[in-house]
Each structure stands twice: as structure tokens, then as C-alpha cells.
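Numbering of ligands and ligand atoms starts at 1, following listing order.
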Amino acid sequence: MYEISGLTKIYQGKGKNEKVHALQGVDVVIPDNDMLAIQGPTGHGKSTLLQLLGGLDRPTGGSLKFDGQEMAKMGEMSLTKLRAQNFGYIFQGFNLIPTLTAQENVETALVPLGVSKVERRERAAKALTDVGLGERLGHLQTELSGGQQQRVAIARALVKEPKVILADEPTGNLDEETRDDIFGLLEKLWADLGLTVIMVTHDSALSKRVPRLAQIKNGKLTIKRERAGATGV
Ligand SMILES: Nc1ncnc2c1ncn2[C@@H]1O[C@H](COP(=O)(O)OP(=O)(O)O)[C@@H](O)[C@H]1O
Ligand SMILES: [Mg+2]
């Protein structure tokens, strides 16, 4: 679970004294097994929030707690460990390593966890089978369609058995039919594995389907729709 209050992020702008206020006081609680979609105009702080949630960058101010641990104040080693154990990332551009096979790409996620080579191979093969790519273990990126590449990226996020999947426009580079497939896969994983899924999306058809919807505008987040049946929020 995330407990976030007054979260801010200020970047150094291009000019010497220029500051970019990317997040301007975000308050939100994201319970375990939530599926939250975040919408909003370009440049308004969506990717910034996802990066902070994933411990890929540090907030400027405010509180960002994951399972009671203050990520803003955590040392680099603890943060690296937290990332490796808990967060799986999916990006619009897939971010696969082109010289590695599907299976090797997935294995890379287990290296920071100190998993043995043999176990890495086994777990990567299983994760790829789980996303429907059991027949494509030895394929390179250039031998896979866009949807298949994103499936490899999803397997790479899943293989470490994270608590949270953070997806930044995961369907942004895909055609409509493939978008539906990938979104359906994320829904299935969310339901079957009890993951927390936090996803930035421009796709209004997809955001209609998610249980909980938020919007970021000018670095501020508002909840647009609560999960059906949720109480006390
Ligand atoms: N590393 C960075 N350095 C400086 N400015 C940045 C950096 N990353 C993002 N920004 C700026 O912060 C603002 C929010 O960006 P971002 O979170 O990527 O928005 P979104 O994902 O909603 O399009 C934008 O003005 C963007 O230019
Ligand atoms: Mg973005």
C-alpha cells in the first residue's frame, strides 16, 4: 500500500534559474490490489509520479510511504532492494535489450535479486509461458511483433513476483486490437495474482474499464472515479 501526502517534485529547467514544478502536492492512498489508471495532458506530471512510486527518482518534498516505509528518506541500498523486490515496470517503448533473446531479457530482472543462473532460466521460461510466449523464448526483439514485445516486457516485470506493476502508457505504441489484448492480460494478472497495478494511459476506452481512475493536471492528482463497492474512501 502507498500512502502519499504533499508529494512534490521540482526539476531543474533548461535555464540556470528555471525550475519545473512537475508535482505540486499529491495526496493519495493506493491500497493493495488496487488497479488505478492515471490520465492527464502531456507534461502534467504522470510519468514523474510513476517514477517516484517506483523509486526510480526521489521526491523534492512530501511523504511517499510504501508498506509503511518512507521512500523519500531511504538510503540508496535499501531503495535498490525495495525496487528489485517489489516493483515491476512496463514502458511504452518496451525497453527490451535488442541483442538479448526474450528469455534473456526476462532473466535480467532477476540478476539484482541474486537468483542463480539455473533458476533465472526456469523462472523466465515460466513467466514467458504465463504471458503466452512459451514458444518464443529464443526470439530476438526484431523477430517479435509489438504486442509480443510488450508481452516480453510484462514477463520481465512479473518474473520477480513484484507486489506492484507500474505501467507508463503500456499500450501507447500498439494498434487497437493489440491494445485490447495487452490490457486484457494486465487485467488477468491483476485478478489472478492479487497485484497492485498503476497505469498511465491516454486511452479512454481502457480507462473506462479500470476499477479506479485518477487525473493529473498541473502536478495535482484528483480521483475521478472510485472502485465500485469500495467503502470508506
Ligand atoms: N528529468 C527531467 N528534467 C527536467 N524536467 C523534466 C524531467 N522530466 C520531466 N520534466 C518536466 O516535468 C514536467 C512533467 O513531465 P512528465 O511527468 O514526463 O509528464 P507526463 O508524463 O504527464 O507527460 C514536464 O514539464 C517535463 O518537461
Ligand atoms: Mg509521460
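- Distance alone, capped at 3.5 Å, is enough to place a donor-acceptor pair between the Lys220 side chain and the Gln24 backbone.
- Of the protein's non-hydrogen atoms, the one nearest atom 27 (O) of ligand 1 is Val20 CG1, 5.0 Å.
- The protein non-hydrogen atom at the shortest distance from atom 15 (O) of ligand 1 is Thr48 OG1, 3.8 Å.
- Nearest protein neighbour of atom 2 (C) of ligand 1, counting heavy atoms only, is Tyr11 CD2, 3.5 Å.
- Here the protein heavy atom with the shortest distance to atom 18 (O) of ligand 1 is Ser47 CB, 3.7 Å.
- Atom 13 (C) of ligand 1 has Gly43 O, 3.6 Å as its closest protein atom, hydrogens excluded (heavy atom only).
- A salt bridge between Arg58 and Glu76 is present, with a side-chain N of the basic residue lying under 4.0 Å from a carboxylate O of the acidic one.
- The shortest separation from a heavy atom of Gly13 to ligand 1 is not under 4.0 Å, leaving the residue out of contact.
- Checked against Ser207 for a side-chain hydrogen bond (donor to acceptor under 3.5 Å, both in side chains), the options Gln215, Lys224, Gln39, His202 give a single hit: Gln39.
- Here's the thing with Thr42: none of its N/O atoms is less than 3.5 angstrom from an N/O atom of ligand 1.
- Ligand 1 has no nitrogen or oxygen under 3.5 angstrom from a nitrogen or oxygen of Ala22.
- Side-chain heavy-atom separations under 4.5 angstrom define the hydrophobic clusters, and the remaining members of the one that includes Val20 are Tyr11.
- In terms of protein heavy-atom proximity, atom 19 (O) of ligand 1 is closest to Gly45 N, 3.2 Å.
- For ligand 1, the atoms closer than 4.0 angstrom to any heavy atom of Pro41 are 22 (O).
- Side-chain contacts under 4.5 Å among hydrophobic residues (ILVMFWY), followed directly or transitively, place Val29 together with Met1.
- Inclusion of Thr42 in the first shell of the Mg ion (ligand 2) is not supported: no N, O or S atom falls under 2.8 Å.
- Residue-to-ligand polar distances keep Gln12 apart from ligand 1: every N/O pair is separated by 3.5 Å or more.
- The aromatic rings of Phe66 and Phe87 sit perpendicular to each other, their planes meeting at more than 60°, with 30° as the lower class boundary.
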